[in-house]
Amino acid sequence: MKSDELFALLRRRGVLWPSAEIYGGAQGLYDYGPLGAALKRRVEEAWAAWFVGLSHDYYLIQPAEILPEAVVRASGHLENFTDPEITCENCHTAFRAETILEKVRPEGVDGLLPTQIAEIVNSHHLKCPNCGSPALSVPRAFNLMFALDFGVSGKERAYLAPETAQGSYLSFARMWDVGRRALPLGVAVIGKAYRNEIAPRQVLFRMRSFTQAELQIFFDPAHFLVPFERARDEKLPVLRVPRREAGQESPEWVGAAELVASGLPEFYVYHLVHVFRFFRDVLRYPAERIRLFEKSDQERAFYNRIQFDVEVHLESLNGFKELGAVHYRGDYDLGRHSEGSGRDLSVTPTGGSKLLPHVLELTFGVDRNVWGLADTHLAKDGERTVWRLPPYLAPVPVGVFPLIAKEQAPYALALADTLAAAGVRTQYDDAGTIGKRYARMDEAGTPYCLTVDGPTVADGPEHDTVTLRDRDSKAQERVRAADLVARLRPALEPPRPARS
RNA sequence: GCGGGCAUAGUGUAGUCUGGUUAUCACAUAGGCUUGCCAAGCCUAUAACCCGGGUUCAAAUCCCGGUGCCCGCACCA
């Protein structure tokens, strides 16, 4: 489905819509409706079950979403987000002011006001590096962070967190103390991040307020032992730099052991395997649509030593899109915060020697995956539209209908209440014909529908049995009402990784 | 940010070029009749010209500004 068509469908069904619609909308902001909010929450639950479940030493925390200025200064966000940009009025290419002034001012532009930069551009008659035109714009400082007045004095500044990772780094010292004082130590966060994007686009793909799910693993690079045997036999669809440079865009399937043999650390490949399994086995993206895209030295941020993006081919957006990534960030983060805060964040594990832990970051865009799940799992099947979500991700896992509202409504309502009380979320519906109700639930991604009919309420062998209808096969089966909870509940639990 | 395109009920649309009747049609939604296990049929109801300004006797239609969306470029530490 094309992006427009998919978004129209999601709007119509109340999955999501633009924020502040009645005022004409606000770029880059979206609201989730009932189905969307439920789906997003289930994705988050499945993510936490899988990744926090990877180790006894991985924990979920919830840090603040506002960062004091000192934090973003130390992390590098302040300087990197305020680079002034100059645009060529002729060919419309944008450049960093630093690039344009490179030759005449090799010391850089830090500390200069936009007007001062403009003066230098004018006095040296600088031209566009692309087309040679002298029509260069006045420098514009764009800061992707939302700045806030913090406190009542008006003197302190703070920023909305541009990523959730900083909250984990800030919490490291405390986590060390409350934890087992052992490495590796995993700190997971599912939270909001805010970026004042220049051009928000493609609905959930570039938003100004979005949700990230990230796991920061602090470890000793000399001793990061992982149960690699659980990953060794997996084959991964990787697209590595040499293959990319040879002009290939499709991945090749390479065994985990082979990746290690090529020089990637075991701990990295082990986690990459589990990230791949999450996308294939938990979110159930088709394996052939997934590729692990290695970023080259030039492409990745300077502090990332190894980076693979997890990309999924999305029809609505015409190509592979980044839905997650695995970054080996070295000791950059704790180093910067040690320096910035004046507090030494190095630790001494029991029986070990003092070190500044390194960080392996597993990062996911939650909103992007909600879109991805709509793109890959929601499709037309002849007349009907079916959202083939895994049952544990379905916003409403069970629909309950009376075949004839006038006759079986009380029984069906009571059944829905019983299931709800047992922790199975249901939707009761008696409007229109039975086929219409099935179609409605198919579109909402509901995997199971229960229909109460004549035999259910009549005396006879089928008393207290209902039909259980499967979304994907449309097959029906008679099931005793009393057995329903035991029957349905296992499918509604998200998978967890194997662990000793 | 730049360039191009677009904006009409909940959704998709006709009408805009060439200003003029009660703004078209389908689906969806609500109610009724009928049917009773995969979007059937009939009747009824609800519901729209993105916002602001201008031109005109008259604006969904023409002009200007704004906002939003789509595509391309740039950006995405």
Side-chain angles (χ1 to χ4, degrees), chain A residues 2-5 7-14 17-30 33 72 75-83 85-96 130 135 137-145 162-163 165-166 195-203 205-208 210 299-304 309 316-318 322 332 365 381-386 399 401-408 430-443 449-456 466-471 473-478:
Chain A
K2 297 301 298 175
S3 173
D4 281 3
E5 194 187 349
F7 189 34
L9 177 58
L10 297 178
R11 269 201 312 270
R12 180 165 58 74
R13 286 309 310 247
W17 51 75
S19 284
E21 254 186 314
I22 59 170
Y23 286 97
Q27 253 186 39
L29 300 177
Y30 293 88
V72 293
S75 68
H77 287 88
L78 197 54
E79 55 177 301
N80 288 319
F81 271 20
T82 50
D83 277 354
E85 187 189 69
I86 294 178
T87 314
C88 171
E89 313 277 358
N90 181 48
C91 68
H92 307 300
T93 314
F95 303 92
R96 292 185 163 192
N130 184 42
S137 74
V138 170
R140 228 168 2 93
F142 69 86
N143 189 332
L144 289 185
M145 287 193 295
E163 61 176 21
Q166 296 307 320
R195 293 182 194 179
N196 196 9
E197 295 286 357
I198 299 167
R201 287 279 171 90
Q202 300 184 314
V203 195
F205 267 73
R206 183 95 56 89
M207 296 200 289
R208 289 190 164 133
F210 58 102
E299 290 166 327
R300 58 179 191 261
F302 65 92
Y303 47 74
N304 278 334
D309 285 352
S316 62
L317 300 176
N318 292 317
E322 179 195 345
Y332 173 78
D381 174 13
E383 277 293 285
R384 62 182 200 142
T385 305
V386 192
F401 319 137
L403 185 60
I404 304 170
K406 274 178 262 178
E407 294 171 22
Q408 300 106 15
D430 64 10
T433 62
I434 191 74
K436 216 165 184 174
R437 292 177 228 156
Y438 287 145
R440 248 196 298 258
M441 298 314 278
D442 285 344
E443 204 174 66
C449 287
L450 304 172
T451 300
V452 175
D453 58 11
T456 311
V466 299
T467 59
L468 169 63
R469 180 259 193 189
D470 180 79
R471 176 193 63 203
S473 65
K474 292 159 79 173
Q476 288 187 9
E477 183 189 349
R478 272 206 103 78

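Chain letters run A, B, ... following the sequence lines, proteins first, then strands; residues in each count from 1.
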Could you check whether A:T385 gets within reach of a base, just the sugar-phosphate, or nothing at all, counting any heavy atom under 4.0 Å? base
Check ion pair A:E21-A:R11 (N to O, under 4.0 angstrom): no
Work out how far the C1' atom of B:rC50 is from that of B:rC69, and round it to whole angstrom. 11 Å
Check if the side chain of A:R201 and the base of B:rC75 share a donor-acceptor pair of N or O atoms closer than 3.5 Å. no
Nearest-Å distance once atom P is located in both B:rA45 and B:rC38: 31 Å
Gap in Å between the two C1' atoms, one belonging to B:rA60 and one to B:rA39, rounded: 33 Å
Using the P atom on both, measure B:rU34 against B:rC70 and round to a whole Å. 48 Å
When you check the phosphate oxygens OP1 and OP2 of B:rC37, does a side-chain N or O of A:Q476 lie under 4.0 Å from one of them? no
Whether A:R440 contacts B:rU29 is assessed here as follows: a side-chain N or O lying under 4.0 Å from the phosphate OP1 or OP2. Is that the case? yes
Please name all residues satisfying side chain to side chain contact (heavy atoms under 4.5 Å, CB included) with A:S19, sequence neighbours left out, ordered by chain then number. A:L29, A:D31
With P as the reference atom in both, quote the distance from B:rC51 to B:rG68 in angstrom, rounded to an integer. 15 Å
I'd like to know if A:D4 reaches the base of B:rC70 with its side chain such that a donor and an acceptor end up less than 3.5 angstrom apart. no
May I ask you to say whether A:R478 pairs ionically with A:D453, meaning some side-chain N is under 4.0 Å from a carboxylate O? yes
Is the phosphate of B:rG12 approached by A:R11 (side-chain N or O, under 4.0 Å from OP1 or OP2)? yes
Donor/acceptor link under 3.5 angstrom from A:Y23 side chain onto base of B:rC51: no
